[in-house]
2 protein chains.
Amino acid sequence: MSDPTEDQLAALGTAFDTFARRYKLADARRSERPLAELDKAVLLYVADHAGCGPTDVARFLAVPTTTLSSATDRLVKRGLLKRERIEADRRAVALSLSEAGTAYAQGQVETYRQMYMLMLSRLSAEERDRFIAMITKIVYNDD
Amino acid sequence: MSDPTEDQLAALGTAFDTFARRYKLADARRSERPLAELDKAVLLYVADHAGCGPTDVARFLAVPTTTLSSATDRLVKRGLLKRERIEADRRAVALSLSEAGTAYAQGQVETYRQMYMLMLSRLSAEERDRFIAMITKIVYNDD
DNA sequence: TAAGATACAACGAAGTTCGGACTATTCAAT
DNA sequence: ATTGAATAGTCCGAACTTCGTTGTATCTTA
């Protein structure tokens, strides 16, 4: 298969660039100091992996464990995250969201949902499926 | 036109999520301490807008001017950016890239180019055009 | 020509990242 | 059983970044 043309590459570049600046989504909880980017990522990850350990999260997000420790500290301090020692391995800690953390995560997810909605609404019904299929291919079929 | 389905929204969400983690591109100049995200953005902007002022950049990137001042400071200190008083308005400063800055920017652009290349290479020739058309529609036709 | 708007920079407080050192456990191999 | 190595996490502190406040020229305009 022939290579993409320079025009295509350039077009994709400007599109992504604009994209990134445009869809810099706002925080759920306003008023309070917004969470650090990392903290939000941690929250979202734990939302889908209740009981996981800090190391799991650190590996997934590709940050040093000490950095992740800071993040969980902040989240616990804010009452969004729970840290519990577990029986099976007493060195380990199990992370899970508190009531408030769950609410925050849901708000965040909802915000994303609306953003995606807005994006897809620009495409026709058939285009939507095609677009999703393509971006999925790009994301997952990469060596 | 009917709304996107929940399935579509969910699929797009996971795709983007993975996308963001996967394509966290490395820095051009390794070895030295990597530039802050903001600094890279500034460099890329100035590369395309030689002679612009700090305020322009700040507005474009949506950060406070003081923050941008810090960024230009760092860049100047590293020898990547030049700051020059201009005649027309002596309060103003004209930003432009130094030799090294230009090299850095080019390296960065090249890295992006390769990333886009990798992405598009996953699609067939016709898909590429369609994909670019769609993402462009999404990015630019948004209220 | 004085009052106000502009373009920036200096300073400093508050926060984030992450390497190094340290504690508590668990595992593995005598 | 015992001990030496790996593991899970945390604590500490240095180096950075962000951004509000304050201050300084320099236009602008009434």
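Just so you know, these numbers come straight off a predicted model, no measurement behind them. Just so it is clear, the values below take in all heavy atoms, side chains as well, and ignore hydrogens, waters and symmetry mates. Throughout, protein chains are lettered first and strands after them, A, B, ... in sequence-line order, and every chain is numbered starting at 1.
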message: Under a 4.0 Å threshold between the charged nitrogen and the carboxylate oxygen, would Arg130(A) count as salt-bridged to Glu127(A)?
response: no
- request: Rounded to the nearest angstrom, tell me the gap between atom CG in Leu35(A) and atom P in dT16(C).
  value: 9 Å
query: Which residue, Gly53(B) or Thr67(A), contacts DNA chain C at a nucleotide closer to its 5' end, judged by nearest heavy atom?
result: Gly53(B)
query: To the nearest angstrom, how far is Asp39(B) atom CG from dT18(D) atom C1'?
result: 11 Å
task: Determine, for Arg128(A) against Asp7(B), whether the closest basic-nitrogen to carboxylate-oxygen distance falls under 4.0 angstrom.
output: no
message: Ring-plane angle category for Phe16(B) and Phe19(B), please: parallel below 30°, perpendicular beyond 60°, tilted otherwise.
response: perpendicular
Run the side-chain donor-acceptor check on residues 50-60 of chain A: report pairs under 3.5 Å with partners two or more places apart or on a different chain.
unit_1	atom_1	unit_2	atom_2	d
Asp56(A)	OD1	Arg59(A)	NH2	3.2
Asp56(A)	OD2	Gly53(A)	N	2.9

message: Tell me whether the side-chain N or O atoms of Ser70(B) pair up with the base of dC19(D) as donor and acceptor below 3.5 Å, since no angle test is needed here.
response: yes
task: Take Val63(A) and Thr66(B), find for each the nucleotide of DNA chain C with the closest heavy atom, and name the residue whose nucleotide sits nearer the 5' end.
output: Thr66(B)
- prompt: Given atom NZ of Lys77(A) and atom P of dT16(C), what is their separation to the nearest angstrom?
  reply: 10 Å
query: Looking at residues at least two apart in the chain, or sitting in another chain, which of them share a side chain to side chain donor-acceptor pair (under 3.5 Å) with Thr14(B)?
result: none
message: Using a 4.0 Å heavy-atom cut-off, does Arg85(A) contact any base of the nucleic acid, only the sugar-phosphate backbone, or nothing at all?
response: nothing
field: Nearest-Å distance for atom pair CD/P, residues Glu37(A) and dG15(C)
entry: 17 Å
Protein and nucleotides 24-26 of chain C: nitrogen or oxygen contacts under 3.5 angstrom:
unit_1	atom_1	unit_2	atom_2	d
dT25(C)	O2	Arg91(A)	NH1	3.2
dT26(C)	OP1	Arg90(A)	N	2.9

Between dT7(D) (P) and Ile86(A) (CD1): distance, integer Å: 17 Å
Arg21(A) bridged to Asp17(A) by N-O distance under 4.0 Å: yes
query: Side-chain donor-acceptor pair under 3.5 Å between Gln106(B) and Glu110(B), yes or no?
result: no
- prompt: Going by modelled atom types, is there a donor-acceptor pair between the base of dG9(D) and the side chain of Ser69(A) at under 3.5 Å?
  reply: no
- prompt: Over how many whole Å does the gap from Arg83(B) atom CZ to dA10(C) atom C1' extend?
  reply: 12 Å
message: Measure CG/Asp73(B) against P/dA7(C) and give the value in whole Å, please.
response: 19 Å
task: Could you check whether Leu68(A) gets within reach of a base, just the sugar-phosphate, or nothing at all, counting any heavy atom under 4.0 Å?
output: nothing
- request: Look at the side chain of Thr65(A) against the base of dG9(D) and say whether a donor-acceptor pair falls under 3.5 Å; ignore hydrogens and angles.
  value: no
- request: Among dT10(D), dA7(C), dA9(C), find the nucleotide with the atom closest to the side chain of Thr55(B).
  value: dA7(C)
- line: Arg74(B) atom CZ is separated from dC8(C) atom C1', nearest whole Å, by 16 Å
- prompt: Considering only dT18(D), dT16(C), dA9(C), which nucleotide approaches the side chain of Arg33(A) most closely?
  reply: dT16(C)
